[in-house]
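Proteins get letters first, then strands, A, B, ... in listed order; numbering begins at 1 in each. No hydrogens, no waters, no symmetry mates; every other heavy atom, side chains included, goes into these values.
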There are 4 protein chains.
Amino acid sequence: MKKETTKEKMLDAAIRLFHTQGYAGTSVRDIAQKANVNVALISYHFGGKKGLYEQLIIQFFEDYLHILESELQKESESLKDLLLQVIRALLEYQSKQYLVARMVHREMTLDSVLVRELMSTYLRKEKHEFEQLIKRGMTGGEFQRQPVDYVIIHLRTMITMPYLSPHYLRELYQLSSNEPYFIDRYMEHLTRWVHTWLCGEVKSQPYQSSLSAQLI
Amino acid sequence: MKKETTKEKMLDAAIRLFHTQGYAGTSVRDIAQKANVNVALISYHFGGKKGLYEQLIIQFFEDYLHILESELQKESESLKDLLLQVIRALLEYQSKQYLVARMVHREMTLDSVLVRELMSTYLRKEKHEFEQLIKRGMTGGEFQRQPVDYVIIHLRTMITMPYLSPHYLRELYQLSSNEPYFIDRYMEHLTRWVHTWLCGEVKSQPYQSSLSAQLI
Amino acid sequence: MKKETTKEKMLDAAIRLFHTQGYAGTSVRDIAQKANVNVALISYHFGGKKGLYEQLIIQFFEDYLHILESELQKESESLKDLLLQVIRALLEYQSKQYLVARMVHREMTLDSVLVRELMSTYLRKEKHEFEQLIKRGMTGGEFQRQPVDYVIIHLRTMITMPYLSPHYLRELYQLSSNEPYFIDRYMEHLTRWVHTWLCGEVKSQPYQSSLSAQLI
Amino acid sequence: MKKETTKEKMLDAAIRLFHTQGYAGTSVRDIAQKANVNVALISYHFGGKKGLYEQLIIQFFEDYLHILESELQKESESLKDLLLQVIRALLEYQSKQYLVARMVHREMTLDSVLVRELMSTYLRKEKHEFEQLIKRGMTGGEFQRQPVDYVIIHLRTMITMPYLSPHYLRELYQLSSNEPYFIDRYMEHLTRWVHTWLCGEVKSQPYQSSLSAQLI
DNA sequence: TATGAATGAGAGTTCATTCAT
DNA sequence: AATGAATGAACTCTCATTCAT
């Protein structure tokens with residue numbers, strides 16, 4: 001087993017606590033205690049609580065965007081398949097580190113200088129990439145013509161929802177947004193959404209799914 | 001001009017600050033200063049910061065549920081129209097006091113004792129009401145058969161989205177979730193969603209809208 | 001006996017500690033402990049350690065300048081007597097609160113924003129008042145003509161010396177700058193200085209003083 | 001170009017910072033950063049912050065006293081000239097390393113164990129040397145009889161003044177105590193002081209100086 | 001109701017020093 | 001001789017609440 005460095009221990013502890021209690025609700029002493037390291041090391045290694053926090057968020061967005069862009073460069077039979085592939089990749093990435101994902105998405109609901117900066121760098125790019133894809137599909141006739149903005153908003157809402165409302169899903173539907181099982185099920189739903197909504201395909205027969213039959 | 005009572009001044013100030021900085025990020029001194037009242041009065045009137053906070057949240061949910069339930073008792077031509085009427089009412093209610101709405105929805109993304117209590121009282125009821133409506137529609141053939149849970153999750157996600165991601169909408173799409181204009185536009189989108197997704201109506205012709213034509 | 005208010009207790013304790021250990025060498029806990037009050041009250045009443053410090057210094061200079069100006073407006077037989085009267089008044093004022101005086105004069109040897117501000121407000125005025133007096137004496141023939149600046153520097157140096165070098169005086173000469181006895185003795189010296197140096201009076205006979213005879 | 005050793009770099013940085021912010025107001029990290037060396041080296045080379053500090057002060061006094069004593073052993077026409085020669089030598093020494101001089105003289109205004117030790121070793125010797133000189137002059141009739149102690153205090157005050165109040169001189173009189181020009185001008189003043197005060201010479205004519213005429 | 005003072009706990013950060021390398 | 005990490009104590013200040021008036 002690989003030994004965790006002090007920095008890693010601190011990052012891990014911080015993620016857990018920020019996720020549960022939020023940034024302002026978490027003290028550096030909490031973090032240090034959970035990580036079993038000296039309190040002063042947070043300032044030493046990250047330049048303070050805020051620095052640690054921002055490092056986590058920025059790292060998340062860097063990786064998130066990298067996945068989005070590299071997925072979009074892959075080849076695919078159709079734009080529809082490409083889109084579904086991208087969606088799945090983003091869900092899986094978030095699922096893999098769902099604590100950070102939840103922390104980040106909640107942070108983005110606040111109105112702060114940091115949030116505005118993150119918006120104008122990462123989310124602007126994300127929006128641009130989605131736009132390109134959707135517009136190409138519309139031009140090529142694969143996607144139905146409709147307001148692009150609302151499509152993207154709708155799409156993004158559904159991609160982030162499991163990490164913005166994990167407790168709602170868990171408490172009321174016994175769904176764990178961080179388990180692979182959930183992604184498979186959720187992808188079914190999203191696939192249907194892409195087919196009917198975006199491509200305008202007529203469903204010739206009633207809904208059928210071995211997996212989710214019991215939920216009807 | 002009506003004079004604001006001390007309690008009202010405090011509530012107003014608290015809403016603004018909780019909305020901007022979150023609960024833990026707001027101090028009672030901030031609130032008292034913004035409300036221009038003595039700090040000790042927060043403990044006196046609300047039994048402390050937490051009491052003030054909970055009062056705001058509970059009041060929101062009480063009203064929210066009341067609207068949901070009273071709308072559901074109204075008569076309507078079809079369940080589809082009833083559903084759309086409910087959606088609009090909930091959007092309008094949240095829009096009317098969007099600061100509280102944003103505060104509440106963000107709070108629900110945390111994991112605390114309070115959240116779990118709110119879930120099991122208010123959101124459980126909300127889920128139940130939606131379930132009744134959807135299931136009735138499916139039984140009667142008005143709605144397509146599909147997993148009810150995912151429909152509700154999808155529905156609720158779209159109803160709360162404008163108040164969970166207001167800054168995203170504003171920064172990247174110049175959309176203000178608290179303006180009546182937005183609700184009209186957003187309802188168009190949701191109406192289409194209900195028609196195609198829930199009712200399975202085939203769109204015989206390309207998307208047409210005088211309002212949003214320029215967005216295509 | 002009059003009861004000391006909390007603010008007064010804090011000011012007293014702060015003076016003693018700042019005097020002994022300097023500003024940076026004194027902690028707010030030291031002050032609070034010595035004053036027997038809660039630490040938080042320093043921030044509450046003075047807006048922090050720095051605020052308390054500055055209040056002490058500014059108060060000193062305000063009073064110092066007030067004494068200087070009011071003494072200068074008194075009537076006197078000669079400018080020489082007026083000057084000596086002013087010197088004595090300033091020495092007595094400093095002696096009365098010698099702890100603050102020492103603290104302030106030491107602070108003025110540092111180079112900080114605060115010091116520059118104090119210089120350009122209080123010490124500039126002090127310089128101006130001295131200048132007026134000296135120049136009047138020179139014009140009237142009472143004082144010998146010589147570089148005014150150096151006279152003032154010399155004068156001020158001697159007025160502040162007992163409070164800048166109290167430990168030197170105490171350790172090596174057993175002189176206590178805060179005792180009335182010292183002022184009388186020191187005034188003898190300064191009187192001679194004013195007579196011979198400023199007025200150019202010839203000393204017709206060897207030095208005679210009942211008080212200081214033993215020191216020859 | 002000569003390369004500065006690590007120890008020298010640290011000493012230089014320390015002098016600058018102690019001079020500006022005082023001992024307690026300067027952190028070892030400040031020093032290490034300014035010197036561009038590792039923090040731990042301060043403890044390694046000097047046994048800690050205090051060690052570094054004391055080394056600077058003791059070095060200053062050692063040199064100071066050495067100059068005083070060696071100047072006093074030189075031959076001179078008169079004691080008056082010898083005294084003036086000593087004064088100039090001490091001013092020049094302090095001027096050469098005015099940062100340390102200022103730091104040391106300010107430190108001596110505090111009340112600490114270190115200060116008392118320095119007093120009883122170096123300043124006691126300084127006092128003794130001055131005493132010898134003055135008393136010899138009085139016995140020989142060259143100096144006027146008067147209280148020796150006050151003469152020495154007065155003398156020492158004027159020798160240290162430029163390094164105790166450099167900012168006062170700079171801000172209000174545009175005088176730089178560390179420039180050779182200043183010493184020349186200041187020596188004029190001190191020479192006059194020695195002549196009139198100590199030797200009791202009658203000034204037969206008004207003050208005349210090509211250098212300072214404009215200051216009258 | 002309303003106020004300003006007071007409280008004790010805890011916040012984040014910096015401190016001088018020590019340690020293993 | 002030099003380094004970067006680590007330590008535990010101390011720093012100033014703010015926290016939510018309580019108290020007497």
Around B:Lys9, counting heavy atoms of other residues, nucleotides and ligands shown, do more than 12 lie under 6.0 Å from its NZ?
yes
Under-3.5 Å N/O pairs linking protein and nucleotides 19-21 of chain E:
none

Geometric cation-pi criterion, C:Lys7 with C:Phe46: 6.0 Å, 45°
yes
Atom CD of A:Gln33 and atom C1' of E:dG12 are separated, to the nearest Å, by 16 Å
Would you sketch DNA chain E in dot-bracket for me? Only Watson-Crick or G-U wobble pairs with both distances under 3.5 Å count, crossing pairs as [ ], other-strand pairs as |, the rest as dots.
.||||||||||||||||||||
Output a table of donor-acceptor pairs, distance under 3.5 Å, between side-chain atoms of residues 99-106 of chain B and any protein atom two or more places apart or on a different chain; print 'none' if there are none.
| residue | atom | partner | partner atom | Å |
| --- | --- | --- | --- | --- |
| B:Arg102 | NH1 | B:His19 | NE2 | 3.1 |
| B:Arg102 | NH2 | B:Ser177 | OG | 3.4 |
| B:His105 | NE2 | B:Gln94 | OE1 | 2.6 |
| B:Arg106 | NE | A:Thr109 | OG1 | 2.9 |
| B:Arg106 | NH2 | B:His19 | O | 2.7 |

CG (B:Leu114) and CD (B:Glu54) are apart, to the nearest 0.5 Å, by 5.0 Å
Can you find a pair of side-chain heavy atoms, one from D:Leu110 and one from D:Glu107, that are under 4.5 Å apart?
yes
What heavy-atom pair brings C:Ala32 and C:Val39 nearest, and what distance separates the two atoms?
CB-CA, 3.7 Å
In residues 9-28 of chain D, which ones come under 4.0 Å of DNA chain E, going by heavy atoms?
D:Thr26, D:Ser27, D:Val28
Any residue in residues 42-57 of chain B with a heavy atom nearer than 4.0 angstrom to DNA chain F? Just list them by number, or reply none.
B:Ser43, B:Gly48, B:Lys49
Would one find a side-chain N or O of A:Thr6 under 4.0 angstrom from OP1 or OP2 of F:dA5?
no
First locate atom CD1 of C:Ile31, then atom OG1 of C:Thr26, and finally report the distance between them rounded to the nearest 0.5 Å.
6.0 Å
For the atom pair CD (A:Glu171) and CG (B:Leu118), what is the distance rounded to the nearest 0.5 Å?
11.0 Å
Nearest whole angstrom, please: distance from the C1' of F:dA5 to the CG of A:Asn36.
16 Å
Should the pair D:Lys50 and D:Tyr23 be classed as cation-pi, given the thresholds of under 6.0 Å to the six-membered ring centre and 45° from the axis?
no
Could you give the CG-to-P distance, from B:Asp30 to F:dT17, as a whole number of Å?
14 Å
Just so I know, are the side chains of B:Met119 and B:Met108 near enough to count as touching, which here means a heavy-atom distance under 4.5 Å?
yes
List in numerical order all residues of residues 106-114 of chain A for which some heavy atom is under 4.0 Å away from an atom belonging to DNA chain F.
none
Looking at F:dG4, I'd like to know if its phosphate oxygens (OP1 or OP2) sit under 4.0 Å from a side-chain N or O belonging to D:Asn38.
yes
Roughly, in whole Å, what's the span from CG in C:Leu41 to P in F:dC15?
16 Å
Between the base of E:dG12 and the side chain of A:Arg29, is there a donor-acceptor distance below 3.5 Å?
yes
